[in-house]
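This report refers to the structure that appears directly beneath it.
Remember, predicted model here, so these are calculated numbers, not experimental data. Quick note on labels: first sequence line is chain A, next is B, and so on, each numbered from 1.
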Amino acid sequence: MVSFFRLILVFLVIGCSNNILGQSENEMVLVTGGSFIPLYGTDSATVVVRDFKMDIYPVTNNDYLEFVKKYPKWKKSKIIRLFSEESYLVKWEDDVTLGINFLPISPVTNVSWFSAKSYCECQGKRLPTVDEWEYAAMADEKLPDARILPEYNQKILTWYEAPKTFENPIGSTFKNYWGIYDLHGLVWEWTLDFNSVLISGESRKDVDKDTNLFCGSAAVGASDLMNYAAFMRYALRGSIKANYTGRNLGFRCVKDVEVLE
Amino acid sequence: MKALIKILVIALVITSCKNNKNTNIASDISPKEAVSNEILELSIFNLPSTWTTQDNVDIELKSLKGDILVMVMIYTTCKAACPRLVSDMRNIEAQIPKNNKGKVKLILVSIDPETDTPTRLKAFAKENNMESEQWLFLRSSIEMTREFAAVLAVNYKKISPMDFSHSNIISVFDTNGVMVHQQEGLGVDNKETVKTILDLAETN
């Protein structure tokens with residue numbers, strides 16, 4: 001019992017504790033690693049992803065509210081401009097009140113990369129890498145890699161046209177092969193290394209491959225130009241900055257799977 | 001098809017405002033603020049990361065407070081763009097008059113901390129005649145480097161064991177660690193960058 005209290009004390013001291021923060025704490029599922037060819041990969045094209053656990057749902061307004069209450073430096077009125085633009089939680093009433101018409105179980109949006117990263121770290125998790133996110137998101141209901149199916153791309157593109165999906169509650173889209181919801185159809189999501197994308201996403205810029213702006217950009221071309229949906233995601237990642245926030249940009253966390261010796 | 005066009009149009013709109021090669025980001029920061037002891041909201045001194053120099057000394061970014069900082073992110077095994085970025089940095093350094101040299105630190109930050117050990121950075125400094133006091137080489141952990149790049153809006157990706165793709169951006173920070181200017185591209189006209197540095201040196 002004493003050691004238990006000591007443990008709690010340690011958590012309090014380091015400020016960013018691993019104890020239970022929101023209801024989504026335990027709602028993670030295992031994604032079995034493997035190799036795949038992402039739209040934008042490395043020289044050798046195939047990328048290896050290790051086993052990891054991923055949040056079943058995106059982080060909700062309610063989860064995030066608990067987070068800012070616990071870590072006030074991420075409150076709307078406290079966050080420093082280096083870590084977020086002014087649009088951070090812009091539609092919230094105040095520091096601890098969601099906006100009118102906000103569902104507590106809708107995905108939180110208008111959060112910056114810094115704040116999303118900190119949220120995950122404070123739960124002992126982290127943001128997924130681009131490769132991990134894309135790996136988990138290439139699954140449909142039945143297949144771990146559904147990218148070959150024309151319907152798969154069509155379905156995602158249809159979502160990209162649907163208005164205001166960020167207002168929907170979590171879990172309102174399909175459950176994929178891994179048991180994960182809402183990777184497509186709700187909000188765009190931050191990734192840990194979003195700034196590893198070296199396309200500017202702008203046709204005027206990309207035409208001449210921009211060898212002066214990006215060293216080596218010619219070496220990493222798109223592997224599957226038919227995958228427009230993935231192209232859109234990479235273009236978005238390539239065009240945003242870490243202090244940026246968007247009404248349709250949220251996040252979820254992942255965790256490494258501890259290898260048993 | 002219609003959907004695709006719509007998406008591409010949206011993408012264009014989203015990204016169309018980021019085409020400026022030379023942007024003055026916070027030029028309206030008044031000199032008064034420079035005197036304050038507090039860390040300004042936009043300052044990179046807010047980052048908690050620690051870095052190791054080419055002399056194997058651990059520092060925090062805030063220990064650089066008081067100097068004008070010119071920063072670039074490179075990796076020492078790079079064969080393509082980095083030699084040109086390095087020469088761009090030397091070119092900038094050469095244009096700072098002697099009496100102001102002491103106010104400016106030129107910093108090369110490694111995006112490949114696994115390879116670029118302090119020893120490697122030291123050797124790189126020697127090879128490139130960047131051994132005088134105003135040159136600083138830094139490396140940190142992979143995570144901290146990723147975060148630092150995010151602040152500088154530098155994108156990079158490891159594409160093979162020895163090579164990275166990366167943006168070519170030189171950033172200028174005032175004595176409070178607030179970014180005031182960025183130059184994007186290789187061998188671009190650095191007149192604006194040098195002017196920014198000299199203006200800062202005049203007011204400090």
Side-chain angles (χ1 to χ4, degrees), chain A residues 40-45 79-84 112-114 117 121 126-127 129-131 153-154 157-161 192-206 210-220 228-229 231-232 235-244 246, chain B residues 2-4 6-8 10-19 21 26 39-47 74-75 78-82 84-85 142-143 146-169 177-179 184-188:
Chain A
Y40 289 92
T42 58
D43 263 3
S44 54
I79 190 169
I80 61 168
R81 284 287 86 89
L82 183 73
F83 295 147
S84 185
S112 69
W113 177 79
F114 293 101
K117 181 169 165 284
E121 284 167 0
R126 61 176 171 81
L127 285 172
T129 64
V130 172
D131 287 339
N153 279 319
Q154 192 48 54
L157 287 172
T158 307
W159 163 53
Y160 290 171
E161 278 190 292
L192 189 60
D193 55 346
F194 75 97
N195 58 343
S196 65
V197 177
L198 287 142
I199 51 169
S200 61
E202 189 187 355
S203 55
R204 276 170 296 171
K205 263 192 160 189
D206 286 338
D210 259 324
T211 39
N212 271 350
L213 298 182
F214 301 130
C215 161
S217 64
V220 269
Y228 296 121
F231 174 76
M232 288 312 303
L236 177 80
R237 291 173 190 136
S239 67
I240 54 182
K241 294 186 177 174
N243 64 351
Y244 174 89
Chain B
K2 212 172 157 197
L4 172 72
K6 199 181 275 180
I7 287 164
L8 286 178
I10 292 169
L12 268 179
V13 173
I14 292 173
T15 55
S16 61
C17 314
K18 49 164 288 194
N19 208 14
K21 298 254 156 63
I39 295 178
L40 300 177
E41 282 206 16
L42 278 171
S43 172
I44 51 167
F45 303 148
N46 287 299
L47 297 173
I74 54 125
Y75 63 107
C78 167
K79 297 282 179 289
C82 309
R84 291 173 66 191
L85 271 177
I142 289 175
E143 292 77 27
R146 183 57 74 191
E147 179 178 79
F148 189 66
V151 172
L152 266 57
V154 167
N155 289 16
Y156 67 94
K157 181 180 176 69
K158 194 169 191 165
I159 50 168
S160 78
M162 288 302 278
D163 268 311
F164 287 78
S165 293
H166 59 96
S167 348
N168 301 315
I169 295 177
V178 175
M179 191 193 288
E184 193 174 353
L186 286 174
V188 296

Could you look at A:N243 and say if it's the side chain, the backbone, both or neither that has a heavy atom under 4.5 Å from chain B?
neither
List for me each residue that meets ring pair (Phe, Tyr, Trp, His ring centres under 6.0 Å) alongside B:F148, sequence neighbours excluded, and say none if there are none.
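Expected list: B:W51.
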Quick one: list whatever passes ring pair (Phe, Tyr, Trp, His ring centres under 6.0 Å) with B:Y156, sequence neighbours left out.
none
Hey, what do you get for CG (B:N155) to OG (A:S239), rounding to the nearest 0.5 Å?
10.0 Å
Minimum-distance pair of heavy atoms, taken over all atoms of A:L82 and B:L42
CD1-O, 3.3 Å
Identify the heavy atoms of A:I80 and B:E41 that sit nearest to each other, and give their distance.
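In terms of heavy atoms, the two residues are closest at CA-OE1, 3.4 Å.
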Criterion side chain to side chain contact (heavy atoms under 4.5 Å, CB included) against A:N195, the qualifying member of B:E147, B:K157, B:R146
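The option that passes is B:R146.
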Flag the pair B:L47 / A:F83 as yes when at least one side-chain heavy-atom distance between them is below 4.5 Å, and no otherwise.
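Side chain of B:L47 against side chain of A:F83, heavy atoms only: contact under 4.5 Å found.
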